[in-house]
Amino acid sequence: MFWSNEFPQLDNTTLRELSRAIDRGYLSFSREFGPMIETAFEPLLHFLIWFERLLLESPWWLVILATGLISFLASRSWKLMTGVVLALCGIGILGMWEDTMRTMAMILVCTLLSVIVGIPIGILMARSERAKNTILPVLDVMQTMPSFVYLIPVVMLLGIGRVPGLIAVVIYAISPVIRLTNLGIRLVEKEALEAADAFGASRMQKLLKVQLPLALPNIMAGINQTIMMALAMVVIASMIGVRGLGQPVLQAVTNQYFALGLFNGAAVVILAIIFDRITQSFGMRLQKHQQGGR
Amino acid sequence: MFWSNEFPQLDNTTLRELSRAIDRGYLSFSREFGPMIETAFEPLLHFLIWFERLLLESPWWLVILATGLISFLASRSWKLMTGVVLALCGIGILGMWEDTMRTMAMILVCTLLSVIVGIPIGILMARSERAKNTILPVLDVMQTMPSFVYLIPVVMLLGIGRVPGLIAVVIYAISPVIRLTNLGIRLVEKEALEAADAFGASRMQKLLKVQLPLALPNIMAGINQTIMMALAMVVIASMIGVRGLGQPVLQAVTNQYFALGLFNGAAVVILAIIFDRITQSFGMRLQKHQQGGR
Amino acid sequence: AECGNVTIAEMNWASAQVAARVDEFILKNGYGCDAEIIPGDTMPTATSMSEKGRPDIAPELWMNNVKEPINRAVGEGRLVIVGDVLENPAENAGEGWWIPRYMLEKNPELATIDGIKKHPELFKDPEDPSKGRVLGCPSGWACQITTDNLYRAYDLEDAGFNLVDPGSGAAMAGAIGRAYNRGEGLLTYYWAPTSVLARYDMVRVGLEDFNQEEFDACIAIADCPDPKPNNFPVTEIKTVVATTFAEKNPEPMEYLKNRLWTGKDYDDMLIYMDENQADGQTAAEHFLKNYESSWREWVPADVAEKVKAAL
Amino acid sequence: MSTDIAISIRNLYKVFGRNPAKAMEKVHQGMGKDELLEKTGHVIGLNNVNLDMERHRIQVVMGLSGSGKSTLIRHINRLIAPTEGEILVDGEDVIKLDQQALRDLRRFKISMVFQKFALFPHRTILENVGYGLENQGMAREKILETSRQWIERVGLNGFEDHYPQQLSGGMQQRVGLARALATDAEILLMDEAFSALDPLIRTEMQNVMLELQNELQKTIVFITHDLDEALRIGDTIAILRDGVIVQNDDPQNILMSPADTYVASFMKDINRARVLRVRAIMNKPQETDSGPVIKPNTTIETALQIFAESSSDHLIVADRSGTRVGRLTVEDLIRGMRRPSQSEIQAQQAVT
Amino acid sequence: MSTDIAISIRNLYKVFGRNPAKAMEKVHQGMGKDELLEKTGHVIGLNNVNLDMERHRIQVVMGLSGSGKSTLIRHINRLIAPTEGEILVDGEDVIKLDQQALRDLRRFKISMVFQKFALFPHRTILENVGYGLENQGMAREKILETSRQWIERVGLNGFEDHYPQQLSGGMQQRVGLARALATDAEILLMDEAFSALDPLIRTEMQNVMLELQNELQKTIVFITHDLDEALRIGDTIAILRDGVIVQNDDPQNILMSPADTYVASFMKDINRARVLRVRAIMNKPQETDSGPVIKPNTTIETALQIFAESSSDHLIVADRSGTRVGRLTVEDLIRGMRRPSQSEIQAQQAVT
Ligand SMILES: Nc1ncnc2c1ncn2[C@@H]1O[C@H](COP(=O)(O)OP(=O)(O)OP(=O)(O)O)[C@@H](O)[C@H]1O
Ligand SMILES: Nc1ncnc2c1ncn2[C@@H]1O[C@H](COP(=O)(O)OP(=O)(O)OP(=O)(O)O)[C@@H](O)[C@H]1O
Ligand SMILES: [Mg+2]
Ligand SMILES: [Mg+2]
């Protein structure tokens, strides 16, 4: 027994009973609270739908114009702006405009949500060892628990559609921004912090004027990763009924349409790059002092 | 026309022809070169199989012991070691030993490969603006191109099994370690670099003795993310023939076994946490100087 | 004994798992093959088989999604379709639109599509509550075309129904489970035999009779301009093997040809798995132990003895 | 006025290391710095420091490198928490202050110049100088105005929009100085605030400081390694050694009667002619004398110059009212410039 | 020997900013530092510097903060690339060296102490000191031995395993010093190497350096703000202003005949009594004199002491062979101590 390589596991019936008990528990939980939770998410759903409509129903050239403008404002770079506009036109010409807009709406909201929620959590973690020690494992779980595992429970709770999709994306994508905000703040030099203390900075002042600016390179790396991961979830989200670029990708996979998958995948990548470049060049503009140097 | 919100896209026939042409091209490419490429990957495949066998055929208590020992050696922490041993026992008792070992073998190899390949690439990026500017978009593509898009082409080229699985995982998971190595090295203070220069450090000496040690916090964050992302791919890998924890997860999903999915998902998470804690505490031990302080 | 290495594809739904494990056991112990299971999704497996001839055997392949590549590979002589998996497929397998039995009991009118069209309010779409919802076939699957055309053929849109893409089979199952558990209204595309239909008591909605000609001419073609009411065709569930395997191993091939599951056995297995949350392995053992008379018909006596001895 | 104590430090101990409390026991048992380091790996930063600093005065702190000067000064605004002891600022123990009170103390009452500058790399010079004011919640315009004014005063106009790393060391230090002065705090902690400055700008900065001192009468704690500087600006000088204060006195007294050989050797390089006043070395006046008259506060250097220009062989020292208080010969002056020898110090120590 | 030039700097220009080449044109047209900064945002670091440094000598560089001292010294081991000009080390232009040659130069021939220490935070003191040796490829044991020895020499034993941030500023600077000295390079670049040290340790370190200099005869470029230090150790002193070298001369000459008012004001705080030698101020000898005999190299301070102890009213200056070369009265000495006044300097400048 001891020498074998068979692990002395629980026998099958016990295991089975255990699983079934959990399943039944979850089932009755979802029956009990599902409608309530659903109602709670209603405003988010409406917002998502409204935003998607906005992007879909505005004339395409207006959307391109607006995106170009935003990219220019964020980066002050003509090159970036032209790139963004051309890429969007390319997407349109290849017939993926509608799906791209849907995905863009979804991901924009997800990224915003992740950043807005993630940065404060990262700050909290950097501030308190205890917070760090409790949050880290949660992040590990959120990032590595295969989304397939919670997709179905989420579907059973909230049905298929945008809200469960959004939840799945945010759960997965929020980790890096939290982690890197934490890391960045922790790496801020002691000297600068001491100086801030010596001049009586309140915690908020220290945070806003010293820690966050100095942690910016790391925070931006976190946001970059969050965007990347959100877009990496596009297909998974489409598995629970979120419309957008994920659908044709799945379709391509199930039908062996290599090129179709590639086009739509490329559209996802382009969205990712647009989002990323805009945020990063905005971040760079916030770090002017890094540019000088010997 | 101009005022509409319909994008003036290519007409369907053209699009279809385009896709078809690409598909045919890829098909003949894969037929031509598939066998050659397959042969090239053979050694890797043998190693993977050998390693999986090693873990599967060694007595379970030996594997647990070895993992415990490694975790202790890396961290010098009894707490971590006990945690690791208990977690593995838990996995075994719940009957997931075999799948866990398979996944562990796979992920270990993927992570090692990602780190071994990723860190040098990150270093290269930090050294040369040009390398950075060419590699960054590639990383963006690798991270956001939905894996579903390249699953089928990879399968066409290499068939289903461990190697395509490994490729898919590495493509997805390698980005963060590259990005954060690059960032970490770029954030090393100029003063330290100047001192190294002034003492005639060769590029290699500067790298090994100054840049990498000082970039360590960031590199470790990158490795952490790589591990997390590799484990997040376990399920996808199981779609193209990699045995392990992904399989029961998929099964649970299609058959709606909530608890089964949860257990196997938890095993994935536990593996992730074990890998992560071991590497991170090893990283911490390399950064003793951070501990002092006022 | 000269059988050698055999790789068997195991798809990730319940019946395919039992089929794969049963084949594995019999080939291993009855024919001395060195059988290995390779997991995989339908498409990657089919692709790999048609391009690489690996894995050797796909015990249960649902053809409607992969017909084109498989047929191409068969034409090029790389794959062989051994035959059906189920006895009498027309009866035991099939696609259709389904509603929960409790709905039918409350309102017998819902037995046919015409009855359903009168009550979109019973099938409320949560993202668009003014309308009813038909859960369609997940994007990309071949059934998507059929469902889409039938949706139009029966004028469901005008009747106040949205056709909603559930995204994936799993999400579909989840959505069915959710509605069923809460006793909500549900109209969904689905197919049998599956564990979902084994678990939830659902009834097929009555459609027009199947018309092959009209089906081939219109319903099977994407965006067909003028679809007429019709039904779903008989589902093809086949065992497919690589030619290399077929040529080298006549005896196992014989077994695969003979191996025809009865509809009841299949259903029993699905129910057994569902009730016990069993994986394919366990279910296969259960089958081999308790349904000896069924599988004895598939193999010669000497092989049967060997299998029995190994149990 | 002279007994108005702004900062009072009582029985202050600071031990660095993993387990200061345990090491403290050893310190109380009288273990010295070197022994403690060797035996326990703990470093004594401060060892039973008691020091009262008068308001409106400049307290200089000197000592070997590593003797605990920075550690001491950082306790005053509680950047370091003591292992034991009290630090009273205006009678209040800074250790007992709550967060808000401590913050206000640091914002309005105490300002600091750091030894290693500690500028904010992400802020321009202008923003660095305005930093303390922002924390005080001053209006933006006012901040800009004040910052510009102080940048001007430390001679950095034109560099407002540069970033710290674009400036030379000395320029950075002046930014640190401007930042500290801008807050208009009553107490200034200056940790080697002038050490990176060249002599010209250093004198200029010293003058700025002395002017300010005349105008605004701040309380300043000033760490320096430069004896001339210490003597020039210090009202009192405390000398630290291995975390212990060995002497705290008026500069003249420290020069004339060093507490031990450590202090004496510390002072040996001083330009005594420029620092010592004639009152410290003059003899009894003789009514019969005639010759140039000088004040008791005249330095030896000046006295020598006067000598060189006159033909008399002695000088007369008279106080403000004209009363003769002493006389000096060239020999007296030259003797006054001599450093006390080892044996003299030991003799003196024996007396005290 | 005295014409053996180790480092030779020719027409060196350095302009900081976005487009140095463009700004250089302006500089060649004679635009000054302030104007250039205002008009183009470029900063002149060095402006047509020409300087020869003799082998085995200590070249001191002084100047206001921001005058380009660090910039100059960093050019010698090419940490900064010049905008224009040549830097010859042993006759070879460091700008033209390839990677490998430059590396060898930095490893074996030139060593550096940094103004802001630039220690490696992740290495212990021991590892920091051994850093240069590791780069040289020395054997581990040898490295440890040499490092220990230098740590001892700068007085930091016991701190071998501490990390830089656990040391005081002065201690860190000594680590930087030990690190530079350990490599046994022929040329030492010392950027305010002693500025964070207290006077005692500073003197000690100066002594260490002078001893070394006697033993090993290195070529040292030494930046300092401390005049006494400059005069004590410098064989020649170069004075920089806004990137221009305004004077480069022997210390006595700089003191006695400053090139302009800038240099003079720079020197004004010096303790002239301790620096000036009597040979610089003595009068013609008179055969009839009798009195104490001193050497021409005696400082004014010592001469005064001798005066105070004798009863003669003059001193006799005689060279090694005993030949009388001059005489001095007290008045001469005291006059020698006086700083030259503005008008005197201007008169002198007009002459040269
Ligand atoms: N990286 C840089 N970017 C822009 N200007 C610079 C840079 N480095 C130095 N300077 C400018 O060059 C001039 C000379 O600087 P340098 O550091 O050589 O002065 P320094 O003589 O060493 O002064 P200190 O005694 O204060 O150290 C300064 O005006 C400074 O602003
Ligand atoms: N964070 C720390 N950890 C351990 N030891 C420390 C720490 N900070 C200071 N010390 C020790 O405390 C002692 C006093 O240091 P401090 O910085 O106060 O010296 P200092 O008098 O300011 O010297 P300097 O003139 O060189 O700046 C030193 O021996 C130093 O090693
Ligand atoms: Mg200090
Ligand atoms: Mg400098």
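Every chain is numbered from 1 and lettered A, B, ... according to where its sequence line falls, protein lines coming before strand lines. Note that the coordinates shown come from a computational prediction; the quantities given were computed from them, not determined experimentally. Note: hydrogens, waters and symmetry copies are ignored here, and every other heavy atom, side chains too, is used.
Within the 4.5 angstrom heavy-atom criterion, only side-chain atoms of A:E38, from C-beta onward, approach chain C. Using a 4.5 Å cut-off between heavy atoms, C:V164 contacts chain A through its side chain alone, with no backbone atom that close. Contact of A:I49 with chain C is made through the side chain alone, with heavy-atom distances under 4.5 Å. There is no contact between A:R243 and chain C, counting heavy-atom distances below 4.5 Å. Contact of C:T42 with chain A is not made at all, since no heavy-atom distance falls under 4.5 Å. Proximity to chain C (any heavy atom under 4.5 Å) is restricted, for A:S238, to the backbone atoms N, CA, C and O. Interface remark: C:P138 contributes no atoms to any contact with chain A (heavy atom separation under 4.5 Å).
Residues A:Q247 and C:D165 are in side-chain contact: their nearest non-hydrogen atoms beyond the backbone lie under 4.5 Å apart.
Within a 6.0 Å sphere centred on CD of C:E36, heavy atoms belonging to other residues, nucleotides or ligands number more than 12. Applying the 6.0 Å contact sphere to CD of C:E121 captures more than 12 heavy atoms from other residues, nucleotides or ligands.
Look at A:R31 and C:E184 and you find no salt bridge, because none of the NZ, NE, NH1 or NH2 atoms lies under 4.0 Å from a carboxylate O.
Note that the CG atom of A:L250 and the CE atom of C:M43 stand 12.5 Å from one another [nearest 0.5 Å]. For the atom pair CG (C:N181) and OH (A:Y26), the distance works out to 11.0 Å, reported to the nearest 0.5 Å. Residue C:M172 holds its CE atom at 15.0 Å from CD1 of A:I240, rounded to the nearest 0.5 Å. Here the straight-line distance linking atom CG of C:L135 with atom CD1 of A:I160 works out to 5.0 Å at 0.5 Å rounding.
Between chain C and the residues A:G159, A:P35, A:G161, A:P153, the largest count of heavy-atom pairs under 4.5 Å involves A:G159. Of the listed residues (C:P69, C:P166, C:G174, C:A173), the greatest number of heavy-atom pairs within a distance under 4.5 Å of chain A belongs to C:P166.
A distance-only check finds no donor-acceptor pair linking the side chain of C:R182 to the backbone of A:G34 [under 3.5 Å].
Of all heavy-atom pairs between A:L157 and C:R178, the closest is O-NE, 3.6 Å.
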